[in-house]
Amino acid sequence: MEKRIYAYLATVMAITMLVTQIILSFLMKDYYSSVGDPSIVSIGEIFVAMIPAMLGILVFLLVILFVLSSKLTDRILTPIKKAADSIESILSGKNVREASIYPEVRPFIQTIGHQKKQIDMAISELREAEKMRREFTANVSHELKTPLTSINGFAEMIASGTAPKEDTIKFAGIIHKEGTRLLQLIDDIINLSRLDATQTQQEFEILEIDKLAGEIIDQLRFRAKDKDIDLHFEGESISTRGNRRMIEDLVYNLIDNGIKYTDIGGKVMLSTSSESDGVVIQVSDTGIGIPMEDQARIFERFYQVDKSRSKKAGGSGLGLSIVKHIVQSHGGSINLKSSPGNGTTITVKLPK
């Protein structure tokens, strides 16, 4: 860059000196003509006579230009070098320093700084996604292995023929329970995989939330009856735009979660209502509640407050994670209020 700047300046200076010498030659000719015989000195003779002096001046100016071009190049490149030093390592976490030498380069440095921040954010998101993937894989492996181990163990005892008849019936019941749990877990994992795919967001339609919620209530009424739970529904005639299967999964998981963690003789209530900027789906139960320290993580995949109770109730730790995923994909919000022994209320708000 320094050589190019010097070459440009030297070319301009040489052309300027040549034009200046020609102009001076004409001026000198006019001067001699006014003070003496015009034929004594010609323009060509004057031009040739001035060449040594002009060459000397040109060499002197070229030396000065060389020094100036070096200084100018350093001044131009200094802020860029600072920016390069700042972003030499994308993972350094350092901010790109703004140029304090001249303001014209600041927009360029600010653009580089903005792009570096975007790269840092992208890298952080990739790290977080990789961490979640590893945790998800580990959790899935554990959750699948546990019921399969139980099924294989009891099936082996039955197959050996050594177990008494009453134990065989008991073992078969355990195998059925673990198999049902395994199927539920696989179904939840499939739902999560489907929700992670963006194409389902394109299948939106106008849904009558009150009718849809009533259908889900009817599906789960027998499960609630097994625990003598009062399953109650109050709903206004409201509608919203969304994916039918996703909204069905949302309502189903909320009610099913309430039934699982509500003791015998309790109550689970679903209500739907309309607000000026959206529709509200709320599920309340009189169940065991959730401690405050666990509420921030309750929507994480496979997170369970009481693993032993969750296993007994048939929970996989994926239900509320699916709910949150569906709410986010619809541009809604979710809120949880709970305390141990006083039940839980989950409120979902979806845009109209």
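Among residue pairs with one or both ends in residues 329-352, those qualifying as ring-ring contact (aromatic ring centres under 6.0 Å, His included) are F204-H330; sequence neighbours excluded. Pairs engaging residues 264-274 under the side chain to side chain donor-acceptor pair (under 3.5 Å) rule: S274-K352 [sequence neighbours left out]. Among residue pairs with one or both ends in residues 207-245, none qualify as ring-ring contact (aromatic ring centres under 6.0 Å, His included); sequence neighbours excluded. Applying the ring-ring contact (aromatic ring centres under 6.0 Å, His included) test to pairs two or more places apart or on separate chains, those with a residue in residues 153-174 are F154-F171. Residue pairs meeting the salt bridge (charged side-chain N to carboxylate O under 4.0 Å, His left out) criterion with at least one partner in residues 337-348, sequence neighbours excluded, are absent.
Take K211 and apply the salt bridge (Lys or Arg N to Asp or Glu O under 4.0 Å) test, not counting sequence neighbours, and it matches E208. Listed by chain and number, the residues in a side chain to side chain contact (heavy atoms under 4.5 Å, CB included) with D277 are E275, K349 (sequence neighbours excluded). Residues passing the side chain to side chain contact (heavy atoms under 4.5 Å, CB included) test with P52, sequence neighbours excluded: none. With sequence neighbours excluded, the residues that form a side chain to side chain contact (heavy atoms under 4.5 Å, CB included) with M17 are M13, M54, I57, L58, L61. Taking E293 as the reference, P291 meet the side chain to side chain contact (heavy atoms under 4.5 Å, CB included) condition, with sequence neighbours excluded. Legend: residues meeting side chain to side chain donor-acceptor pair (under 3.5 Å) with D256, ordered by chain and number and at least two apart, are R223, K260. Take S239 and apply the side chain to side chain donor-acceptor pair (under 3.5 Å) test, not counting sequence neighbours, and it matches no residue.
The environment of Q219 atom CD is dense: over 12 non-hydrogen atoms of other residues, nucleotides or ligands sit within 6.0 angstrom.
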What's the verdict on side chain to side chain donor-acceptor pair (under 3.5 Å) for N152 and T149, showing C-alpha distance, side-chain angles and the deciding distance?
CA-CA 5 Å; N152 286 337; T149 301; over 6 Å; no
Could you walk me through whether L212 and R244 satisfy the side chain to side chain contact (heavy atoms under 4.5 Å, CB included) test, starting with their C-alpha distance in whole Å, then the side-chain angles of each, then the deciding distance to 0.1 Å, before giving a yes or no?
CA-CA 9 Å; L212 184 147; R244 173 173 291 277; 4.0 Å; yes
Side chain to side chain contact (heavy atoms under 4.5 Å, CB included) between N257 and T344: does it pass, once the steps are laid out?
CA-CA 10 Å; N257 198 71; T344 301; over 6 Å; no
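Inter-residue side-chain proximity for Y261 and D285 is flagged as unmet; no heavy-atom pair is nearer than 4.5 Å.
One hydrophobic cluster, built from ILVMFWY side chains closer than 4.5 Å, cannot hold both V19 and V59; they sit in different ones. The same ILVMFWY cluster, assembled from side-chain heavy atoms under 4.5 Å apart, contains both I51 and L18. V283 and V280 fall into different hydrophobic clusters, defined by Ile, Leu, Val, Met, Phe, Trp and Tyr side-chain heavy atoms under 4.5 Å apart, directly or through other members. M269 and I229 are not part of a single hydrophobic cluster, where members link through side-chain heavy atoms under 4.5 Å apart. With hydrophobic clusters built from ILVMFWY side chains whose heavy atoms lie under 4.5 angstrom apart, I334 does not share a cluster with M292.
Atom CD1 of I346 and atom CG of N335 lie 9.5 Å apart (nearest 0.5 Å). To the nearest 0.5 angstrom, I255 atom CD1 is 9.5 Å from R221 atom CZ. To the nearest 0.5 Å, the span separating CZ on R245 from CD1 on I326 amounts to 10.0 Å.
Across all their heavy atoms, D210 and I238 have their closest contact at OD1-O, 3.2 Å.
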